[in-house]
Novice: 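Questions regarding the structure given below will be posed in turn.
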Amino acid sequence: MKQPWDMVVIGTGFGGSMVALAAVRAGLRVLLIERGRWVDRDDSAWDAQRILIDRKYRSASPFDTPRMGLGRTRFFPDEAVGGKSVFYGGASFRLREGDFALRQRYPDLCSDLVDWPIGYTELAPFYNQAEHLLGVAGVAGTDPNEPPRTGPYEAAPPPFSAPARRVAAAAEALGLKPFPIPLAINFASADGRRPCVQCLTCDLFPCKIGAKNDLSVTVLPAAIAGGATVMHSTVALRLRRDGGEDRVSEIECLDTASGERFSVSCRVCVVAAGAIPSAALLLASGLGDVQPNGRWIGRCLMRHCSGIVIGIFAEHTNPERVFHKQVALTDFYFGEGLGGPPGPWGMIQGLQVPPPEYIASEGGFPIGTLGAKAADRLVFLLCIGQDLPDPENRVAIDPAMTDGYDAPIPRVFHRYSRRDRQARSALYRQGARVLREAGALIRVRKPINTFSHALGTCRFGEDPTRAALDPWCRLFGVSNLFVVDASFMPSSGGVNPSLTIAANALRVGEHIVAEWDRLV
Ligand SMILES: Cc1cc2nc3c(=O)[nH]c(=O)nc-3n(C[C@H](O)[C@H](O)[C@H](O)COP(=O)(O)OP(=O)(O)OC[C@H]3O[C@@H](n4cnc5c(N)ncnc54)[C@H](O)[C@@H]3O)c2cc1C
Ligand code: SF4
């Protein structure tokens with residue numbers, strides 16, 4: 001521990017785990033620092049009361065979200081080794097080719113929209129690797145907007161269950177092209193692990209049997225087997241730059257179990273704490289003043305403008321009571337020729353109906369209580385609306401507002417634009433049309449106000465006057481500091497972001513290894 005680590009990675013989510021794996025495979029000495037702990041694979045994992053209501057994995061550190069003149073709310077994320085992947089739904093989509101050049105496609109849509117400094121072709125080999133490492137099960141050639149692939153998926157998803165069949169049949173009747181969601185789930189146990197039993201507690205829950213291919217059962221064990229060390233229950237408080245401004249030499253940490261503070265030294269530092277915590281950590285480390293461009297840190301936060309259309313049916317929708325986050329629709333992805341709002345819209349996908357106790361607690365009385373009673377008769381469609389960048393949507397810190405570890409609490413200022421809300425409404429209308437065709441008696445819309453898809457707070461780009469990171473995700477002005485979580489994305493895309501974060505982190509990891517002698 002006294003020697004400098006070759007690489008210290010902060011955070012074990014998609015960004016951190018993938019970059020660490022690339023580095024250990026090249027023989028580097030890697031330490032991962034993670035504030036969460038390993039999840040318990042016991043009965044609590046699928047217990048709605050313990051996970052969703054008691055919040056067993058709730059972080060002690062909130063995000064503070066001031067509301068224009070109306071006080072504030074505090075949002076407490078879950079935390080664990082493996083990051084949000086442990087609780088996620090496993091939907092593993094690639095961005096579309098057009099996502100990398102949105103400004104070219106819509107030159108007048110938004111003054112802060114920028115093209116990516118890389119194209120789909122540069123990311124495609126890393127999408128292949130990420131799908132392999134995450135064991136994604138999908139059916140190539142069925143997504144009408146699919147970007148080019150060099151081969152099929154390595155595994156197939158199971159046939160549609162009743163709710164997915166119902167949605168797919170209705171969509172087809174309307175002339176749409178429904179297809180199976182590519183899922184990072186071990187359906188067929190090629191590697192001796194217990195396969196998925198297709199339960200109803202997947203999205204939002206850890207998998208009790210480890211069949212969800214989250215990072216804590218796939219990439220992190222591989223990184224550890226390759227020599228990486230994971231230090232859990234440890235918060236990175238600040239990055240220190242000694243002997244000159246342009247290199248991070250130490251990370252100040254706190255052991256949350258003992259309360260002990262200590263520092264670790266590094267040759268290369270990779271920040272991958274998630275789009276909101278990473279920005280707060282960089283700002284708390286004084287990097288907001290770094291030249292030429294620290295002022296971009298925390299800016300352009302996006303989170304997708306998402307919501308759910310809930311169909312209420314007369315009959316039971318899932319009589320077999322099995323997993324049903326299965327069907328996807330990308331027909332409206334760029335929204336062109338459909339007469340709706342300008343710019344990209346996004347996609348629609350099936351979503352697991354949450355357990356009745358959670359519906360009751362979230363919705364309150366009487367809506368939640370009634371919803372919980374009708375849970376067997378519901379179908380949920382998730383509408384992921386693409387939101388556009390705005391520098392005023394940002395993460396900031398106030399040194400006077402700290403958490404129990406004396407670290408600044410991220411303050412999140414965010415407002416959707418009219419166009420973002422219009423994109424969501426357009427998807428709501430399409431989702432409701434499908435559910436009406438499927439026989440839903442009533443359709444209800446519910447916006448999602450979480451930060452589960454937070455991204456964009458340290459965007460990468462060629463132009464140091466308009467981005468925080470260079471095209472290799474290195475912070476402009478600090479030669480050994482990389483940021484590889486969802487922060488790097490300059491636009492949000494219209495699909496779930498995890499596979500893109502993973503692919504980019506593998507790309508950056510390969511670059512760090514190739515450039516090692518020049519970097520250190
Ligand atoms: C319920 C849910 C369902 C989702 N479903 C999907 C889906 O189906 N498909 C999809 O693509 N995406 C999904 N997402 C989104 C996806 O999980 C995230 O976009 C992705 O995990 C983000 O990865 P990341 O590497 O940016 O950060 P994270 O996964 O947030 O990882 C960051 C890690 O850093 C740790 N950390 C933070 N601060 C510190 C610190 N100071 N010191 C040490 N450690 C720190 C955190 O505890 C965390 O483990 C879902 C998210 C949620 C919450
Ligand atoms: S559906 Fe499968 S992967 Fe998801 S929690 Fe259940 S068993 Fe695990």
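Whatever order the structure lists them in is the order used to number ligands and atoms, beginning at 1. This chain uses plain numbering: 1 for the first residue, then up along the sequence. This structure is a prediction, so every number in the text was calculated from the model and none was measured.
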Novice: Answer yes when Asp376 and Arg321 have at least one side-chain N-carboxylate O distance shorter than 4.0 Å, and no when they do not.
Specialist: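 Result for this pair is yes, salt bridge flagged.
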Novice: Is the Trp472 ring parallel, tilted or perpendicular to the His511 ring (thresholds 30°, 60°)?
Specialist: parallel
Novice: Before accepting this row, confirm whether a basic side-chain N of the pair Glu146/Arg94 lies closer than 4.0 Å to the acidic partner's carboxylate O.
Specialist: no
Novice: Do the charged groups of Arg238 and Asp406 touch, with an N to O distance under 4.0 Å?
Specialist: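 So Arg238 does not pair with Asp406 through a salt bridge.
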Novice: Give the atom numbers and elements of ligand 1 that come within less than 4.0 Å of a heavy atom of Leu204.
Specialist: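 Going through ligand 1 atom by atom, the ones under 4.0 Å from Leu204 are 1 (C).
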Novice: Kindly identify the option in Ser59, Ala236, Ala275, Ser498 whose heavy atom sits closest to atom 11 (O) of ligand 1.
Specialist: Ser498
Novice: Examine Ile10 against ligand 1 and note whether any of their N/O atoms are separated by less than 3.5 Å.
Specialist: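 Min N/O separation from ligand 1 is not below 3.5 Å for Ile10.
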Novice: With heavy-atom distances below 4.0 Å as the criterion, list the atoms of ligand 1 near Phe87.
Specialist: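 By the 4.0 Å cutoff, the relevant atoms are 1 (C), 2 (C), 3 (C).
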Novice: Quick one: nearest non-hydrogen protein atom to atom 2 (Fe) of ligand 2, plus distance?
Specialist: Cys196 SG, 2.4 Å
Novice: Does Cys207 bring an N, O or S atom to within less than 2.8 Å of atom 4 (Fe) of ligand 2?
Specialist: no
Novice: At less than 4.0 angstrom from any non-hydrogen atom of Ala486, what atoms of ligand 1 do you find?
Specialist: 26 (O)
Novice: Looking only at atom types and distance, does a side-chain atom of Asp390 sit under 3.5 Å from a main-chain N or O of Cys300, one as donor and one as acceptor?
Specialist: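 Not a single qualifying donor-acceptor pair exists.
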Novice: What part of Val81, side chain from CB on, backbone N/CA/C/O, both or neither, has a heavy atom under 4.0 Å from ligand 1?
Specialist: neither
Novice: Checking salt bridge (charged side-chain N to carboxylate O under 4.0 Å, His left out) between Asp78 and each of Arg35, Lys56, Arg55, Arg50, which is the one that passes?
Specialist: Arg55
Novice: Taking only non-hydrogen atoms of Trp46, do any sit less than 4.0 angstrom from ligand 2?
Specialist: yes
Novice: For atom 3 (S) of ligand 2, what's the nearest protein heavy atom and its distance?
Specialist: Lys212 N, 3.4 Å
Novice: Heavy-atom contacts with Val235 under 4.0 Å: which atoms of ligand 1 show up? List them by number with element.
Specialist: 41 (N), 42 (N)
Novice: Would you find a donor on one side and an acceptor on the other, under 3.5 Å apart, between the side chain of Ser285 and the backbone of Leu287?
Specialist: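 No: the side chain of Ser285 does not pair with the backbone of Leu287.
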Novice: Which heavy atom of the protein is the closest neighbour of atom 6 (Fe) of ligand 2, given with residue, atom name and distance?
Specialist: Cys199 SG, 2.3 Å
Novice: Under 4.0 Å from any heavy atom of Asp485, which atoms of ligand 1 are there?
Specialist: 24 (P), 25 (O), 26 (O)
Novice: So which protein heavy atom does atom 30 (O) of ligand 1 come closest to, and at what separation?
Specialist: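 Checked against all protein heavy atoms, atom 30 (O) of ligand 1 sits closest to Lys84 NZ, 2.8 Å.
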Novice: List the closest protein heavy-atom neighbour of atom 7 (S) of ligand 2: residue, atom name, distance to the nearest 0.1 Å.
Specialist: Val197 N, 3.4 Å
Novice: Show the nearest heavy-atom pair for residues Pro195 and Ala211, with the distance to one decimal.
Specialist: C-CB, 3.7 Å
Novice: Checking a contact table here: which protein heavy atom is nearest atom 4 (Fe) of ligand 2, and how many Å away?
Specialist: Cys202 SG, 2.4 Å
Novice: Hey, does Phe14 come in under 3.5 Å of ligand 1, counting only N/O atoms on both sides?
Specialist: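 So ligand 1 has an N or O lying under 3.5 Å from an N or O of Phe14.
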Novice: Judged on heavy-atom distance to atom 48 (C) of ligand 1, which of Lys212, Met18, Glu34 sits nearest?
Specialist: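 Closest candidate by heavy-atom distance is Glu34.
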Novice: Please list, in number order, the atoms of ligand 1 under 4.0 Å from a heavy atom of Thr234.
Specialist: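 This gives 42 (N), 43 (C) as the contact atoms.
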Novice: What atoms of ligand 1 come within less than 4.0 Å of a heavy atom belonging to Gly83?
Specialist: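 So the atoms of ligand 1 that pass are 29 (O), 31 (O), 48 (C), 49 (O).
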Novice: For atom 19 (O) of ligand 1, state which one of Ala91, Pro497, Gly16, Ser92 supplies the nearest heavy atom.
Specialist: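 Going through Ala91, Pro497, Gly16, Ser92 one by one, Pro497 has the nearest heavy atom to atom 19 (O) of ligand 1.
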Novice: How far is atom 31 (O) of ligand 1 from its nearest protein heavy atom, and which residue and atom is that?
Specialist: Gly13 CA, 3.4 Å
Novice: Do me a favour and list the nearest non-hydrogen protein atom to atom 53 (C) of ligand 1 with residue, atom name and distance?
Specialist: Ser452 CB, 3.4 Å
Novice: For Ala80, take its heavy atoms, then give the atoms of ligand 1 lying under 4.0 Å from any of them.
Specialist: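 Here the atoms of ligand 1 in question are 49 (O).
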Novice: For atom 39 (C) of ligand 1, tell me which residue out of Arg238, Arg35, Met231 has the closest non-hydrogen atom.
Specialist: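 Considering heavy atoms of Arg238, Arg35, Met231, the nearest to atom 39 (C) of ligand 1 sits in Arg35.
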Novice: Counting heavy atoms only, which part of Thr201 comes closer than 4.0 Å to ligand 2: side chain, backbone, both or neither?
Specialist: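 Near ligand 2, Thr201 shows its backbone, while the atoms from C-beta on stay back.
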Novice: At what distance is the nearest protein heavy atom to atom 4 (C) of ligand 1, and which residue and atom is it?
Specialist: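 Its nearest protein heavy-atom neighbour is Tyr88 CB, 3.3 Å.
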